[in-house]
K.L.:
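I am attaching a structure below and will ask some questions about it afterwards.
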Amino acid sequence: MISTQMLNKEQQEGVLTTEGPVLILAGAGSGKTRVLTNRTAYLIDEKGVSPYNILAITFTNKAAAEMKSRINEIVGFGSDGVWVSTFHSCCVRILRRYVDRMGYDTAFTIYDTDDQKSLMKDICKRLEIDTKMYKEKMFLNAISAAKNELIDPSDFLARAEGDFKQLKIATVYAEYQKQLLKNNAMDFDDLIMKTVELLSVDNEVREYYQERFHYIMVDEYQDTNRAQFMLIKLLAGKYKNLCVVGDDDQSIYKFRGADISNILDFESIYPNAKVIKLEQNYRSTQNILDAANQVIANNRGRKPKALWTEKEAGDRIVFEQFESASEEAYFIANDIKKSVKQAECNYNDCAVLYRTNAQSRLLEERFVANNIPYKLVGGVNFYARKEIKDILAYLKTIDNGKDDIAVTRILNVPRRGIGMTSQNKVMDYAYNKGISFYDALKEGDRVPGLSRAVGKIRPFVDLIENCRDMLFHNSPVKVLEYLIKETGYVEELEAEGTDEAKARIENIDELITKMVDYEQRADEPTLGEFLEEVALVADIDSYDEDGDYVVLMTLHGAKGLEFPRVYMSGMEDGIFPSYMCITADDPDELEEERRLCYVGITRAKSHLTMTAARTRMIRGETQYNAVSRFVKEIPKELLKGYVKKNSTDNMPRSDTFRKAKQAFKSKPFSATPMQTYNNMQRQGIVLDYKEGDRVSHIKFGEGTVQKIVQGGRDFEVTVDFDQVGVKKMFAMFAKLKKV
DNA sequence: CAGCCATATCTTTTT
DNA sequence: GATATGGCTG
């Protein structure tokens, strides 16, 4: 039974307004999940709606699972019937049932980014595209963007309007779709787009689902793209009881096609929509909320809103700048350790957030050294690891022999002595005969030019066929175990004996465990369903807030979560906001970064610490970065000790550094590795070039030395570069070479 | 055909 | 710094 007395007035309104379109603008920490779960409970308990007629859509499995369990807590029995799922799994469910009406096999496989890349590579090779000119990734990005906008290959061609590059993309796009269909596979974007297509084209299917879903709710609506928008519009087409929840200030997935106008224009698309604003924040202290409000206030083009809280001011925000990124990591690790020791918090109260996954490395090292339990979320997905992808490719081959990408991946893994030459011969044969790669392997003796290789291919085909036969009478796990034994995959790793090989074996064991777990959960376990589940998990799904560990993740990953103590690391211009956004002509990109900052700040309940480093290694180059402009947007009164010690002041410490910075104030500065720097310092600097000499620079290319001036401990060298013009730089950093 | 070494490119963010 | 690719050799 639900009780509305725990809800504020606006929240109650959100729960009780069940009919017609509703837009809930829910600020960070304003209890939107509570509204959604209570609303569902209200529909079932009070309005007698069948759970079967309710659909709730989220972005991650974790969010879906949480909503499900919270509905369960309130409603108890009967809530199982509610469809709570992610966009992608919802679409898969629909497609598995009806996609055969569009020429696909309902047993299609789902391609992840890796698979897409492999396929694209093959296509570029076949179409003889110079991948130096046009990168595979460029095509994939363009295709993904098109799919998010529901633009199919023929639309794309029509829009190309004679533009050479666009025409090229159109050709590749068409071929890509053709190959996907042939492989009986779909990529992530297809899942949404094909569902929209199915619902648009097939009246019977559309009416079925429209009739089924009397009530639809969508979480994180600000992150929907055009395709997802259409999907929802189609599904809600009959009853129009659509409730969307979102916050335009937390829209951070534009790069993935999210269209903020979906939420901003909701009222004009659904004219009689009721709009409810949730502005009371229940999560953060006043200081944290003030900081968030002040930062986000710098964005134009947002729906005006003001978050408020009844909470006390709380601690001020800590900001610290360090000489290097490792010192930063050292500080964060120590600070967490200290706080736990003093019983101020547990490890799982703490989260360390950063802009890019690469930043996690130093933190991890520090955490290991300090014996701090931590969990890294994101980065390389478990299912993206080599050994896991190999095993999954076997399973995919068993499940869907049409998936050429999977078959080619494992044909020679472990080594069977089948090289590229043989593989290409089979591939050509398959292409000419219009059959799948695997089917071509089966008739290997008829492939021209395959002499000895036939004998090597045979055992591979037999293995796959045996597994398929086994599947009729055995559980998928049995087949998996048989497979691992027969291929000798683990055996080979054991023989290797390295730590890395051991870690791989552990991962494979983990995969078996996951499959066992799946079989126990499923009513009727099938290999296909397992593969599907595996394809659609995000790393965040495995994060469990009950375990006592610090969590490390990107700011993007943290959306929707909250922690008593939050550390935002790498608060530097060039890192966050990223260099790409600073240099972009489009000011919207900076605004998106600012929203990301807003998301980060509002994750914190009571303690927020921001850190920055003066120097940081990025891709093997040392960068010097200024303090993030976002830090400067926070009023100083909210910061603890902003101008106190010299370790936290804004001026660079060393004379050399200050001058270096002046010379390179516009760009993040790549310096020579520290090794050389130290050598030079020890030896005193000897320049092997003089004024008028031709020199070359690692980044700027060749140029002529105009002036050399002794400055402090280093030489200030002025060079007129052929490509980029005159630059002033310090010899110590510039690493100029005489040519 | 496989294993080794040189090189090139990468990085924002993810279902 | 790390990983993917390409060329070479045994």
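Below, chain A is the first sequence line, B the second, and so on; all start at residue 1. Note: hydrogens, waters and symmetry copies are ignored here, and every other heavy atom, side chains too, is used.
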K.L.:
Checking A/S422 now: which residues fulfil side-chain contact (heavy atoms from CB on, under 4.5 Å) with it, not counting sequence neighbours?
P.N.:
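If we apply the side-chain contact (heavy atoms from CB on, under 4.5 Å) test to A/S422, skipping adjacent residues, the hits are A/I418, A/L450, A/A453.
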K.L.:
If the condition is salt bridge (Lys or Arg N to Asp or Glu O under 4.0 Å), which residues does A/D445 pass it with, not counting sequence neighbours?
P.N.:
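Here no residue qualifies.
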K.L.:
Within the structure shown, what part of the strands sits under 4.0 Å from A/K135 by heavy-atom distance: base, sugar-phosphate, or nothing?
P.N.:
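The answer is sugar-phosphate, as A/K135 gets under 4.0 Å only of primed atoms, P, OP1 or OP2.
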K.L.:
Can you list, by residue number, the residues of residues 411-424 of chain A that have a non-hydrogen atom closer than 4.0 angstrom to DNA chain B?
P.N.:
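When residues 411-424 of chain A is checked for heavy atoms under 4.0 Å from DNA chain B, the hits, listed by number, are A/N412, A/R415, A/G417, A/I418, A/G419, A/M420, A/T421, A/S422.
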K.L.:
Going 5' to 3' through nucleotides 2-10 of chain C, assign each nucleotide B (protein heavy atom under 4.0 Å from a base atom), S (under 4.0 Å only from sugar-phosphate atoms) or - (no protein heavy atom that close).
P.N.:
S--S-----
K.L.:
At 4.0 Å (heavy atoms only), tell me whether A/K456 reaches a base, stays on the sugar-phosphate, or touches nothing.
P.N.:
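Touches nothing.
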K.L.:
Could I get the full list of side chain to side chain donor-acceptor pair (under 3.5 Å) partners for A/K147, not counting sequence neighbours?
P.N.:
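Scan of A/K147 (side chain to side chain donor-acceptor pair (under 3.5 Å), adjacent residues dropped) gives A/Q177, A/D187, A/D190.
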K.L.:
What donor-acceptor contacts under 3.5 angstrom involve side-chain atoms of residues 358-369 of chain A, with partners at least two apart or in another chain?
P.N.:
unit_1: A/Q359; atom_1: OE1; unit_2: A/R355; atom_2: N; d: 3.4
unit_1: A/Q359; atom_1: OE1; unit_2: A/T356; atom_2: N; d: 3.0
unit_1: A/Q359; atom_1: OE1; unit_2: A/T356; atom_2: OG1; d: 3.0
unit_1: A/S360; atom_1: OG; unit_2: A/N357; atom_2: O; d: 2.8
unit_1: A/R361; atom_1: NH2; unit_2: A/E365; atom_2: OE2; d: 3.4
unit_1: A/E364; atom_1: OE2; unit_2: A/Y374; atom_2: OH; d: 2.7

K.L.:
Can you label the angle between the A/Y253 ring and the A/F255 ring as parallel, tilted or perpendicular, going by 30° and 60°?
P.N.:
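If you compare the ring of A/Y253 with that of A/F255, the planes turn out tilted.
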K.L.:
With sugar-phosphate meaning primed atoms plus P, OP1 and OP2, does A/E593 contact a base, only sugar-phosphate, or nothing at under 4.0 Å between heavy atoms?
P.N.:
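Contact class for A/E593: base.
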K.L.:
What are the 5'-most and 3'-most nucleotides of DNA chain B lying under 4.0 Å from any heavy atom of chain A?
P.N.:
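First-to-last contact on DNA chain B, by the 4.0 Å heavy-atom rule, is B/dC1 to B/dT15.
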K.L.:
Holding to side-chain contact (heavy atoms from CB on, under 4.5 Å), I want the full list of residues that pass it with A/E387, two or more places apart in sequence or in another chain.
P.N.:
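Counting only residues at least two positions away or on another chain, A/E387 forms a side-chain contact (heavy atoms from CB on, under 4.5 Å) with A/R385, A/Y489, A/R504, A/N507, A/I508.
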K.L.:
Taking only distance into account, with no hydrogens and no angle test, what donor-acceptor pairs under 3.5 Å do side-chain atoms of residues 118-128 of chain A form with protein atoms, sequence neighbours excluded?
P.N.:
unit_1: A/S118; atom_1: OG; unit_2: A/D114; atom_2: O; d: 3.0

K.L.:
Quick one: label A/F87 by what it contacts on the DNA or RNA (base, sugar-phosphate, nothing), any heavy atom closer than 4.0 Å.
P.N.:
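Here A/F87 touches no strand at all.
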K.L.:
Under 4.0 Å between any heavy atoms, over every strand shown, what does A/F255 touch: base, sugar-phosphate, or nothing? Just pick one.
P.N.:
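A/F255: base contact, heavy atoms under 4.0 Å.
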K.L.:
Considering only atom P, compute the distance from C/dA4 to B/dT13 and round it to an integer number of Å.
P.N.:
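These two P atoms come out 16 Å apart once rounded.
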K.L.:
Restricting to ring-ring contact (aromatic ring centres under 6.0 Å, His included), what partner residues turn up for A/F87, sequence neighbours left out?
P.N.:
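ring-ring contact (aromatic ring centres under 6.0 Å, His included) check on A/F87 returns A/F59.
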K.L.:
For A/K165, what residues pass the side-chain contact (heavy atoms from CB on, under 4.5 Å) criterion, not counting sequence neighbours?
P.N.:
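Listed in chain order: A/Y134, A/M138, A/D163, A/I169.
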K.L.:
A/C581 or A/A453: which one's nearest nucleotide on DNA chain B is closer to the 5' end?
P.N.:
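Nearest-nucleotide comparison on DNA chain B picks A/A453.
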K.L.:
Select base, sugar-phosphate, or nothing to describe what A/N61 touches, counting heavy atoms under 4.0 Å on all strands.
P.N.:
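Answer is nothing: A/N61 stays at 4.0 Å or more from every strand.
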K.L.:
For the pair A/S89 (side chain) and A/S85 (backbone), establish whether a donor and an acceptor sit closer than 3.5 Å, ignoring hydrogens and angles.
P.N.:
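Such a contact is absent between A/S89 side chain and A/S85 backbone.
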K.L.:
With sequence neighbours excluded, tell me which residues meet salt bridge (Lys or Arg N to Asp or Glu O under 4.0 Å) with A/R256.
P.N.:
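With sequence neighbours excluded, A/R256 shows a salt bridge (Lys or Arg N to Asp or Glu O under 4.0 Å) to no residue whatsoever.
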K.L.:
How is A/A538 classified with respect to the nucleic acid when contacts are heavy atoms under 4.0 Å: base, sugar-phosphate, or nothing?
P.N.:
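The answer is sugar-phosphate, as A/A538 gets under 4.0 Å only of primed atoms, P, OP1 or OP2.
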